Amino acid sequence: MRNFKMVIEYDGTAYCGWQRQKNGVSIQQVLEEKIRLITREEVTVIGSGRTDAGVHALNQVAGFRSSTRLPAEILCRGINGLLPPDIVVKNLEEVPVEFHPQYSARGKIYVYKICNRRLRPALGRKYCWFIPHPLDLTAMKQAAGYLIGRYDFSCFCATGSSVKDRTRTVKSVGIIKGDDGLLEITIEAQGFLRYMVRNIVGTLVEIGRGKRKPSEMKEIIDSRDRNIAGITAPACGLYLKEVKY
């Protein structure tokens, strides 16, 4: 069996998330179906991690094993020829058998996009969170500093999550705003909890609007209580930017 690694870009708007589910069509399901048509064998596509319904990916990493004799380049071209317009395999290569998309990963980078201006956007409105209210970037950056380090991030974990170990290491948080009003919040960590980025962004926005003080971020983290943190940002603005190996 050969081991293949893929780098995938997708628009998550129409999907129930990465993982195959009974209640809708997933990215994983579509990829497996198209690969099966090319290789003529059952395959299981394993992702570096799950993205939730409506979340996008710039460079999701996934892999599968197959006994096909097709060269990687031909295999990639064939898969892309069958995939819908909102999913594309940017790269496909054969890798050593020990490579695993999830367990070999050393970190991930997510970016969240906010359209922060008075007028709502007509174009791209499905790919960002529109916030017409002024945001204090200085306060948001100050609050973001409290996120750096290794902590129990239960306060930003999805309610009802079954994950027991909620300690994660956040390496960096960047906040930049362009002249067009597009605000990007980039977070790099060794791993993330479900809804972690969206809950962090929701809290940062509340701080940016003056509803909370930047110093409250430390209190929120120390509380380990989801009810203390801010709202959950919409899925449409979240992108998996990079998986590090």
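Being a predicted model, the structure only gives us computed values, none of them experimental. All values below come from the heavy atoms of this structure, side chains included, with hydrogens, waters and symmetry mates left out. In this chain, residues are counted from 1 in sequence order.
Using cut-offs of 30° and 60° for the angle between ring planes, the Phe64 and Phe4 rings count as parallel. Ring geometry for Phe192 against Tyr110 counts as perpendicular: the plane angle is over 60°, on a 0 to 90° scale with 30° as the lower cut. Ring pair Tyr103/His100 is parallel by interplanar angle, where below 30° counts as parallel and above 60° as perpendicular.
Within the 4.5 Å cutoff, the side chain of Arg209 has heavy atoms near those of the Val205 side chain. Side-chain contact between Tyr15 and Asp86 is present, with heavy atoms from C-beta onward closer than 4.5 Å.
Contact detail for Ala144 and Ile175: the closest heavy-atom pair is CB-CD1, 4.3 Å. Between Ser104 and Glu98 the shortest heavy-atom distance is OG-O, 4.0 Å. Heavy atoms only, all atoms of each residue included: Leu92 and Met6 are closest at CD1-CG, 3.8 Å. Shown here for Val243 and Gln60, the closest heavy-atom pair between the two residues is CG2-OE1, 4.4 Å. When all heavy atoms of Leu147 and Phe153 are compared, the pair lying nearest together is O-CZ, 3.6 Å.
Sparse packing is recorded around NZ of Lys126, with 12 or fewer heavy atoms of other residues, nucleotides or ligands lying under 6.0 Å away. Residue Arg166 qualifies as enclosed at atom CZ: its count of foreign heavy atoms under 6.0 Å is above 12.
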*Carefully, step by step, assess Asp52 and Arg194 under the rule side chain to side chain contact (heavy atoms under 4.5 Å, CB included).*
CA-CA 8 Å; Asp52 296 312; Arg194 189 179 185 193; 3.2 Å; yes
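With respect to the salt-bridge test (charged N to carboxylate O, under 4.0 angstrom), the residues Arg224 and Asp152 qualify. Under a 4.0 Å N-O distance rule, the pair Lys241/Glu188 does not qualify as a salt bridge.
Seen from the ring of Tyr245, Lys5 counts as a face-on cation partner, given the 6.0 Å and 45° thresholds.
In terms of modelled atom types and a separation under 3.5 Å, the side chain of Asn59 and the main chain of Glu242 share no donor-acceptor contact. A donor-acceptor pair under 3.5 Å links the side-chain atoms of Asn3 to the main chain of Pro96, judged by distance alone. Between the side chain of Arg36 and the main chain of Val43, no donor-acceptor pair closer than 3.5 Å is present.
Remark: the Thr51 side chain and the Tyr10 side chain contain an N/O donor-acceptor pair separated by less than 3.5 Å. With 3.5 Å as the limit, one finds no donor-acceptor pair spanning the side chains of Asp222 and Tyr151.
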